[in-house]
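Quick caveat, the model's predicted, so the values are computed rather than measured. Reminder, nothing fancy here: chain letters follow the sequence lines and each chain counts from 1.
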Amino acid sequence: MLSQSFFNQETEALAYALLGTVLVHDSPNGVTAGKIVEVEMYRGVLDRAAHSFRGIPTSRTHVMFGPPGYAYIYFIYGMHYCLNVVAAADGVGEAILLRALEPLAGIELMARRRRQTHPYPPRISEMKRLTNGPAKLAQAMGITREQYGWPLFNPPLSLYQGQSPVPRLSVAQGPRINVQYAKEAAAYEWRFWLKDNTFVSRR
DNA sequence: TGATCGATGCTCT
DNA sequence: GAGCATCGATCAA
């Protein structure tokens, strides 16, 4: 399991470091796990696209401003949850959005949570649909507001080292998804993904 | 496979 | 009251 000190690194370095690590949720319904293959960083007052851009903690965003390594979860479009890893020092509102996982364990449970009814084992195309988007992976992993503020270096929701760190050359970089409203920040290349991994949300 | 569009309720103005 | 760090259904190809 990753230790609390793992999260204590500069935000871009942490974004890279999270690629290849494994998110595990040991829930009452069973264990699910997936390798992180795509992330986006959101950088507080430097970043018009960040929920923390205004620099003032709110009831929604306050964990983002706390110490790193905790779960920042937000509810969006009236029906979806998304999971971030809080980054940067206590008092600084930065976070890393998890955008896609490669399913590793608990695939039947993921499919049930996602209301997919294909036979087991699923085809690759069916597997992708489980976790190739931020709200899809949250649903597949059984993540809701209940895990808001959870320390990700403790079970039952935690990160493991897995095969990380991944080689720098295997990581691609580009603009973040759906932040066109964020003016200059829309062009920042703050999305990172594993180039050759089929479970990313977009290439 | 890709483009378009509606759903849905919370957050902040 | 406006807008949103999204997704699934639908339609065309």
Any side-chain N or O of N178(A) below 4.0 angstrom from OP1/OP2 of dT6(C)? yes

Return no unless some side-chain N or O of R145(A) is found under 4.0 Å from OP1 or OP2 of dC10(B). no

Kindly compute the distance separating OH (Y120(A)) from CD (E126(A)), expressed to the nearest 0.5 Å. 12.0 Å

Are a donor atom and an acceptor atom from the side chains of T21(A) and K35(A) found within less than 3.5 Å of each other? no

At under 4.0 Å, does any side-chain N or O of T58(A) touch on OP1 or OP2 of dC12(B)? yes

Test: E38(A) and K195(A) ion pair at under 4.0 Å: no

Counting the atoms with a prime plus P, OP1 and OP2 as sugar-phosphate, which does R114(A) contact under 4.0 Å by heavy atoms, base, sugar-phosphate, or nothing? sugar-phosphate

Cationic N near anionic O, under 4.0 Å, R176(A) to D47(A): yes

From C-beta outward on R60(A), which listed nucleotide comes closest to its side chain: dT6(C), dC12(B), dG8(C)? dC12(B)

Indicate whether OP1 or OP2 belonging to dA5(C) is found under 4.0 Å from a side-chain N or O atom of Y72(A). no

Can you find a donor-acceptor N/O pair under 3.5 angstrom joining the side chain of Y77(A) to the base of dA7(B)? no

Describe the nucleic acid contact of R191(A) in one word from base, sugar-phosphate, nothing, applying a heavy-atom distance below 4.0 Å. nothing

Does the aromatic ring of Y42(A) sit over the six-membered base ring of dA5(C), closer than 5.5 Å centre to centre and tilted less than 30°? yes

Identify whether any heavy atom of A49(A) sits under 4.0 Å from a base atom; if not, whether one sits that close to sugar-phosphate; answer base, sugar-phosphate or nothing. base

Whichever of G78(A) and K128(A) has the more 5' nearest nucleotide on DNA chain B, that residue is K128(A)

Given dC12(B), is OP1 or OP2 found less than 4.0 Å from the side-chain N or O atoms of R54(A)? no

Please determine whether a side-chain nitrogen or oxygen atom of H80(A) lies at a distance below 4.0 Å from atom OP1 or OP2 of dT8(B). no

Tell me what R176(A) touches on the nucleic acid: a base, only sugar-phosphate, or nothing, going by heavy atoms under 4.0 Å. nothing

Just how far, in rounded Å, is P of dA5(C) from OH of Y74(A)? 6 Å

Where the side chain of T61(A) is concerned, which of dC7(C), dC4(C), dC12(B) is the nearest nucleotide? dC12(B)

Among side-chain atoms of Q139(A) and R113(A), is any donor-acceptor pair under 3.5 angstrom? no

